[in-house]
Amino acid sequence: MSEVLRVEGLEAGYGKFRVLFGVDLVVNSGEIVVLLGPNGAGKSTLLNSVVGMADVYSGRITLMGTNVVGKPPHEIMKMGVAYVMQSPNNFGTPNIFGELTVYENLVAASTGVPKAEVFKRMEDVYAVFPKLRELRDRKAKFLSGGERQMLAIGMGLMKSPRLLMLDEPTAGLAPKLVSDFFHTIRDIRDKFGISILLVEQNAKKALEIGDRAYVLVTGRIKYSGSAKSLDEEKLAALFLGG
Ligand SMILES: Nc1ncnc2c1ncn2[C@@H]1O[C@H](COP(=O)(O)OP(=O)(O)OP(=O)(O)O)[C@@H](O)[C@H]1O
Ligand SMILES: [Mg+2]
């Protein structure tokens, strides 16, 4: 099994504000890895660190075997990683362009992709999110929260990433849509053959589709192991510092 992402001894934060303390995490090829933890634990900061959007003080981050610490975000994004940020996020960065249609957003996300390939990939995206095909001519600003998440993920997939990082993709979704969404995440892994690093508040559902899991509490990894062997009781104890 080849490694897509390896984080070792990561100390990171923002300026003088340290958030992560000696974090180790691995994502193997084809895996869904779930990252859980209380609010403010540093989950988003860990993802931000991978793409160069947080300050890394020490430690190593390797993507497909290449050390990326110190590289600018746009360079890292070209290395086969797609990042759908938590929405809203502290950077004020929207994941989609509101004034563009669904179709135009997918095209906009495809810079550097050969033209013939763009339409092929778009079909792959529509295959996992049939709803996006129906909405192709709608401006993104008129989409529902769930539709926006689909579009943001679809835009990430247009780049044919090796690693897709999703930060709380089900936040704000209607409860009856949440189960379907988790199935789609697994579908994406299977159809695209990629690895997924998934940050979720919806622990139970995420652990059902995950292969392995990590629990981050106040910047430190408190659990790493199979997703199946982590139940809600264990999780609650970890969150409370047990
Ligand atoms: N861009 C930023 N600049 C400065 N501090 C930040 C920034 N983003 C997050 N922080 C701080 O870093 C700490 C960890 O935040 P982070 O967003 O990584 O946590 P999280 O685990 O993703 O939480 P949540 O579950 O609420 O999304 C918090 O104290 C937060 O206030
Ligand atoms: Mg977060």
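No experiment lies behind these values; they were computed from the predicted model shown. One-based numbering, in listed order, for ligands and for the atoms of each.
Between the D231 side chain and the K234 main chain, a donor and an acceptor come within less than 3.5 Å of each other.
Backbone and side-chain nitrogen or oxygen atoms of V19 are examined, and none is located within less than 3.5 angstrom of a nitrogen or oxygen of ligand 1. Polar contact check, F17 against ligand 1: no nitrogen or oxygen pair lies under 3.5 Å apart.
Under 3.5 Å, the side chains of T62 and N67 contain no donor-acceptor pair of N or O atoms. Looking only at atom types and distance, the side chain of S29 has no donor-acceptor partner in the side chain of E3 under 3.5 Å away. Counted by atom type alone, Y14 and N48 present one or more donor-acceptor pairs between their side chains at under 3.5 Å. Between the side chains of Q86 and S44, at least one donor N or O sits under 3.5 Å from an acceptor N or O.
Here the shortest heavy-atom distance to atom 27 (O) of ligand 1, taken over K16, R18, Q86, belongs to Q86. With S49, G40, G219 as candidates, the residue nearest to atom 14 (C) of ligand 1 on a non-hydrogen basis is G40.
Taking the six-membered ring where tryptophan is involved, the planes of F119 and Y103 are essentially parallel, since the angle between them stays under 30° and well short of 60°.
For ligand 1, the atoms sitting less than 4.0 Å from at least one non-hydrogen atom of T45 are 14 (C), 15 (O), 16 (P), 18 (O), numbered in the order shown with element in parentheses. Close approach to E168 involves these atoms of ligand 1, each under 4.0 Å from a residue heavy atom: 25 (O), 27 (O).
At least one heavy atom of P38 lies less than 4.0 angstrom from ligand 1. Not a single heavy atom of G37 sits less than 4.0 Å from an atom of ligand 1. Assignment of Q201 to the shell around ligand 1 is supported, since a heavy atom sits closer than 4.0 Å.
Look at S44 and the Mg ion (ligand 2): an N/O/S atom of the residue is under 2.8 Å from the metal. Not one N/O/S atom of T45, from backbone or side chain, sits under 2.8 Å from the Mg ion (ligand 2).
Applying the 6.0 Å contact sphere to NZ of K141 captures more than 12 heavy atoms from other residues, nucleotides or ligands. Summarising the local packing, CD of E233 is surrounded by 12 or fewer heavy atoms from other residues, nucleotides or ligands at distances under 6.0 Å.
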